Amino acid sequence: MNTPSNYEPEYVEGKWQKEWEEKKRFHVKYDKTKKKYYVLIEFPYPSGDGLHVGHLRPYTAMDIITRKRRKEGYNVLFPVGWDAFGLPTENYAIKTQIHPRDVTKRNIARFKAQLKKLGYSFDWSREINTTSPAYYKWTQWIFLKLFEKGLAYKDETYINWCTDCKVGLANEEVVNGVCERCSGKVIRRMKKQWILKITEYAERLIQDLEIVDFIERAKIQQINWIGKSTGMNVVFKTVPHNKEIRVFTTRPDTLFGATYMVLAPEHPVIKELSNEIENKEEIDAYIKKSMEKSDFERVELIKEKTGLEIKGISAINPVNGEKIPVWISDYVLITYGTGAIMAVPGHDTRDWEFAKKFNLPIVEVVKGGDIEKEAYVDIDDGIMVNSGFLNGLKAADAIERISDDLEKQHLGKREVNYKLRDWIFSRQRYWGEPIPLVNCEKCGWVPVPEEDLPVLLPDIENFKPGIDSESPLISISEWVNITCPKCGNRAKRETDTMPQWAGSSWYFLRYTDPDNNQCLADNEKLKYWLPVDWYNGGMEHTTLHLLYSRFWHKFLYDVKVVPVPEPYQKRTSHGMILGENNEKMSKSKGNVINPDDIVNEFGADAVRLYEMFIGDFEKEVPWSQNGLKGCRKYLDRVWSLINLCTGDTEIDADMELLLNKTIKKVSEDIERLKFNTAIASLMTLVNTFHKRNKVTRNEMSIFLQLLNPFAPHITEELWEILDFKGCIEDQSWPRWDENKILEKEVTIAIQVNGKLRGTVLVPHDASQEEAAQLVKQNKNVEKYINDKKIVKEIYIPGKIFNFVVR
RNA sequence: GCGAGAGUGGUGAAAUUGGCAGACACGCUAGACUUAGGAUCUAGUGCCAUACGGCGUAAGGGUUCAAAUCCCUUCUCUCGCACCA
């Protein structure tokens with residue numbers, strides 16, 4: 001046997017990475033005869049900063065899953081690509097005058113080189129790039145399908161406008177009132193926008209969470225974001241003019257306590273009745289002021305409620321015919337429900353505050369609280385009072401009763417409302433997919449014919465946003481001005497582009513058939529590979545990418561482009577990696593760990609191992625260079641097993657137990673994302689080998705196979721050095737034997753009155769009597785039970801023997 | 001405010017059908033080998049106590065022969081949502 005002196009990761013890793021690439025070891029083919037498994041990571045945005053140690057955590061985890069699945073006999077798809085449209089690149093282009101295409105190319109090359117150094121078993125032949133015309137042709141194609149089905153529409157509405165990015169944002173992109181990407185100030189702004197009707201799918205996006213295996217917190221977050229509530233639209237009529245104002249309420253049972261109404265400032269009835277309003281000037285001023293505020297400013301910055309009574313107008317409470325005042329206030333949102341509420345100050349904190357401030361009447365309709373002091377809101381099981389025919393009923397019954405009643409009288413209708421809003425889809429920027437529509441003076445919005453796709457991004461030199469914050473494309477007149485595909489007359493292209501979330505909404509479909517130029521992916525291949533079996537990604541995408549792509553997928557399912565209703569069968573999430581100082585890694589804090597540096601110093605296998613050993617995969621955790629050193633040290637110890645490896649093939653009896661336990665532990669822990677404890681058990685195994693100063697060939701072979709998904713390079717090399725047969729990649733995953741995990745003799749704890757007084761070795765199948773005998777021989781225990789009366793003996797085989805004495 | 005999750009050594013953490021708390025690693029201490037040590041190896045390392053032993057999983061209470069684990073109360077932290085009617 002040749003005995004290489006020292007573990008040199010640089011040599012070992014370079015050697016095997018070359019081998020894998022040359023032999024196309026991880027390329028995968030569509031093969032119906034094999035059972036498939038589709039593992040997906042969130043494809044990276046190739047930023048100028050290069051890869052981050054945070055990226056490595058999910059990638060390494062899923063590479064481990066992938067490598068294990070292959071050994072389990074699956075035909076595994078584990079692809080990678082680039083989510084490359086987006087603002088950072090464009091902003092960089094504005095600054096440097098380098099074309100975003102070139103910046104993207106450069107960044108991708110860097111990312112790719114970095115990824116390759118880590119030995120991930122991606123199928124690089126399926127690499128995709130959202131900015132390549134061959135790809136975004138199909139992004140545009142999907143958009144046209146949405147348009148064709150009426151799910152994409154242009155509307156002028158108030159949108160969230162990021163003042164830094166100079167771009168409209170979707171609701172999901174506004175986090176804590178600021179831009180999700182750049183933390184810039186967000187204002188309300190009226191703008192014509194392309195909007196996707198995601199709300200049409202709200203119900204199914206909730207319902208179908210039941211058929212997938214997502215981590216609970218992801219499900220809950222999506223459900224909360226969609227925000228379903230069931231209630232009733234109740235009709236109030238105005239005095240004068242008998243105009244209908246509808247309100248949405250989840251508690252129609254409290255209708256007798258509705259002592260006034262509040263309208264959102266944008267509510268249309270205000271205009272309709274403007275002639276009747278006695279304090280019109282005041283009202284107009286209030287409306288004007290509200291409009292200038294962002295939603296965030298309305299709700300966050302103004303703690304004190306504001307509002308005005310609309311004088312000259314009142315409304316009739318439909319249940320008791322009482323005339324109630326109508327107010328206007330910006331705490332009522334035009335975007336939710338009907339933009340008008342009935343105020344029940346006795347039982348709603350917001351209404352109560354408002355009523356107190358403006359001296360409006362407060363009526364108790366559910367017994368139990370003290371409405372003088374505060375709104376009584378714990379009313380789910382209360383009893384109705386002051387409520388006419390509802391008096392004495394339980395709240396739940398009252399809801400049914402009054403809902404029936406109002407529906408009968410056509411004064412109300414049961415309704416479901418969602419917080420989810422439609423998806424503001426256009427971006428006033430250059431570096432995105434052009435929206436493939438043409439505005440014709442005669443025909444209106446006309447889709448670009450499918451055979452003319454893709455609509456290519458024209459080359460431009462100035463990437464700065466155009467006049468009045470329009471896309472820079474607006475000034476490329478030869479691109480904008482074309483003829484209408486329908487009637488041939490003059491027409492203009494849409495100059496807004498798609499948001500970054502477009503390309504990522506369907507990329508996993510393209511991986512199944514990345515070079516297809518007839519359709520987005522071949523039907524048979526989609527049928528074979530879908531759904532994605534295991535998708536791991538960041539929690540920050542739960543209400544963005546994850547929700548958007550589920551929406552697109554459901555739409556594609558409805559138009560029979562994809563064969564399954566849900567794209568991802570299983571979704572898990574990793575925690576963030578923080579700097580050594582426990583703060584988020586960032587350049588400005590100077591705590592960024594560069595993957596290149598640590599791979600060069602410690603080797604990719606050590607980095608991979610440490611990324612997985614660092615702590616609970618799902619929690620955030622600070623980086624520790626010493627921890628990384630420890631993992632490298634472990635690999636050195638693994639390497640030195642070469643010298644302990646004997647020619648024997650048998651497995652010693654004591655080793656058999658530990659080995660089987662380790663196989664079980666590693667196998668199960670990988671599935672549960674408990675990589676840290678899987679590695680701990682592999683460390684214990686190596687410690688045992690060293691203590692025994694010997695490892696047989698069969699023990700070594702199993703050990704190397706278990707370590708292989710975590711540290712693929714060193715295990716391949718040792719497999720070769722120790723001259724094992726074939727290639728380690730082709731070995732099937734080791735199995736454990738439950739019978740061999742049973743220990744013949746086990747150490748059990750001896751307790752007296754629940755306190756530990758000793759331990760004893762007993763046969764694993766000892767009866768209570770046998771165990772009692774052995775246990776009583778223990779000297780220390782004797783001391784505690786000798787002069788006492790034994791009341792009870794509790795024996796849990798394999799665990800504990802407890803004396804209860806008095 | 002609402003929803004979800006968490007709180008265990010100096011540090012990252014293990015242990016969840018209730019059954020020996022602190023596996024594994026980092027750090028630290030001592031020793032060995034060394035010209036040297038940010039290398040390697042050996043031993044030790046929850047706290048108090050010379051010891052017998054006692055105490056210990058955010059705090060307090062409860063259930064139980066037995067609680068980090070189950071129940072109640074309180075506190076703290078993280079994440080998401082946030083006037084959603």
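This is a predicted model, so every value here is computed, not measured. Below, chain A is the first sequence line, B the second, and so on; all start at residue 1. Quick note: numbers below take in every heavy atom, side chains included, and nothing from hydrogens, waters or symmetry partners.
- Between C65(B), G53(B), A85(B), one nucleotide has an atom nearer to the side chain of V332(A) than all others, and that is A85(B).
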Legend entry - Verdict with supporting geometry, M576(A) and R57(A), side chain to side chain contact (heavy atoms under 4.5 Å, CB included): CA-CA 8 Å; M576(A) 208 193 324; R57(A) 200 179 195 190; 6.0 Å; no
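- For K228(A), the salt bridge (Lys or Arg N to Asp or Glu O under 4.0 Å) partners two or more places apart in sequence, or in a different chain, are E203(A).
- If you take CD of Q221(A) and P of A4(B), they are 12 Å apart, rounded to a whole angstrom.
- In terms of position along RNA chain B, the nucleotide closest to R217(A) lies nearer the 5' end than the nucleotide closest to the other residue of the pair R251(A) and R217(A).
- For the strand RNA chain B, secondary-structure stems (runs of at least three Watson-Crick or G-U pairs, all distances below 3.5 Å) span B:1-7 with B:75-81, B:10-12 with B:24-26, B:27-32 with B:40-45, B:46-48 with B:53-55, B:58-62 with B:70-74.
- Ring geometry, H545(A) versus H541(A): the interplanar angle exceeds 60°, so the pair is classed perpendicular (tilted spans 30 to 60°).
- For Y418(A) and E216(A), each mapped to the nucleotide of RNA chain B holding its nearest heavy atom, the one lying further toward the 5' end belongs to E216(A).
- Comparing the same atom, C1', in G38(B) and in G18(B) gives a spacing of 46 Å after rounding to whole Å.
- Summarising the geometry, the separation between CE on M576(A) and P on G5(B) is reported as 20 Å, rounded to the nearest angstrom.
- Atom C1' of C33(B) sits at a distance of 31 Å from the matching atom of G12(B), rounded to the whole Å.
- Listed by first and then second residue, the ring pair (Phe, Tyr, Trp, His ring centres under 6.0 Å) pairs involving residues 664-683 of chain A are F617(A)-F675(A) (not counting sequence neighbours).
- Spacing between C83(B) and C26(B) at atom C1', rounded to whole Å, works out to 49 Å.
- Comparing the P positions of A13(B) and A6(B) gives a spacing of 14 Å, expressed to the nearest Å.
- For the C1' atoms, the distance from C55(B) to A49(B) is 11 Å, rounded to whole Å.
- Between D348(A) atom CG and C2(B) atom C1' the separation is 13 Å, expressed in whole Å.
- In G10(B) the base sits anti relative to the sugar, since the glycosidic angle is further than 90° from 0.
- Rounded to whole Å, the distance from CD1 on I226(A) to P on G3(B) is 19 Å.
- Pairs of residues two or more places apart, or lying in two chains, that qualify as salt bridge (Lys or Arg N to Asp or Glu O under 4.0 Å) and include a residue from residues 619-628 of chain A are D616(A)-K619(A).
- Remark: the Y548(A) side chain and the E172(A) side chain contain an N/O donor-acceptor pair separated by less than 3.5 Å.
- The P atoms of U29(B) and G37(B) are separated by 14 Å, rounded to the nearest whole Å.
- The 12-atom threshold is exceeded at CD of E745(A), counting heavy atoms of other residues, nucleotides or ligands nearer than 6.0 Å.
- In this structure, the NE2 atom of H574(A) is 20 Å from the P atom of G5(B), given to the nearest Å.
- Here the P atom of nucleotide A6(B) and the CD1 atom of I220(A) are 11 Å apart, to the nearest Å.
- Using a 4.0 Å heavy-atom cutoff across all strands shown, Y784(A) reaches sugar-phosphate atoms only and no base atom.
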Inset, instruction - May I have the step-by-step check of side-chain hydrogen bond (donor to acceptor under 3.5 Å, both in side chains) for S229(A) and N417(A), ending in yes or no? - result: CA-CA 5 Å; S229(A) 53; N417(A) 250 298; 5.9 Å; no
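- Per the geometry, CG belonging to N224(A) stands 12 Å off C1' belonging to C79(B), to the nearest Å.
- Within 6.0 Å of the NZ atom in K289(A), the count of heavy atoms belonging to other residues, nucleotides or ligands does not exceed 12.
- Distance Y331(A) OH to A82(B) P: 19 Å, rounded to the nearest Å.
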Inset, instruction - Report, as a single string ordered 5' to 3', how protein heavy atoms within less than 4.0 Å touch nucleotides 11-28 of chain B: B base, S sugar-phosphate only, - not at all. - result: -BSS----BB--BBSSS-
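- Put simply, R757(A) has no side-chain N or O that comes within less than 4.0 Å of OP1 or OP2 on C65(B).
- Not counting sequence neighbours, K799(A) has no partner by the salt bridge (Lys or Arg N to Asp or Glu O under 4.0 Å) test.
- Around atom CD of E10(A), no more than 12 heavy atoms belonging to other residues, nucleotides or ligands sit under 6.0 Å away.
- A4(B) and G9(B) have their P atoms separated by 27 Å, given to the nearest Å.
- Comparing U57(B) with C47(B), their P atoms sit 15 Å apart, to the nearest whole Å.
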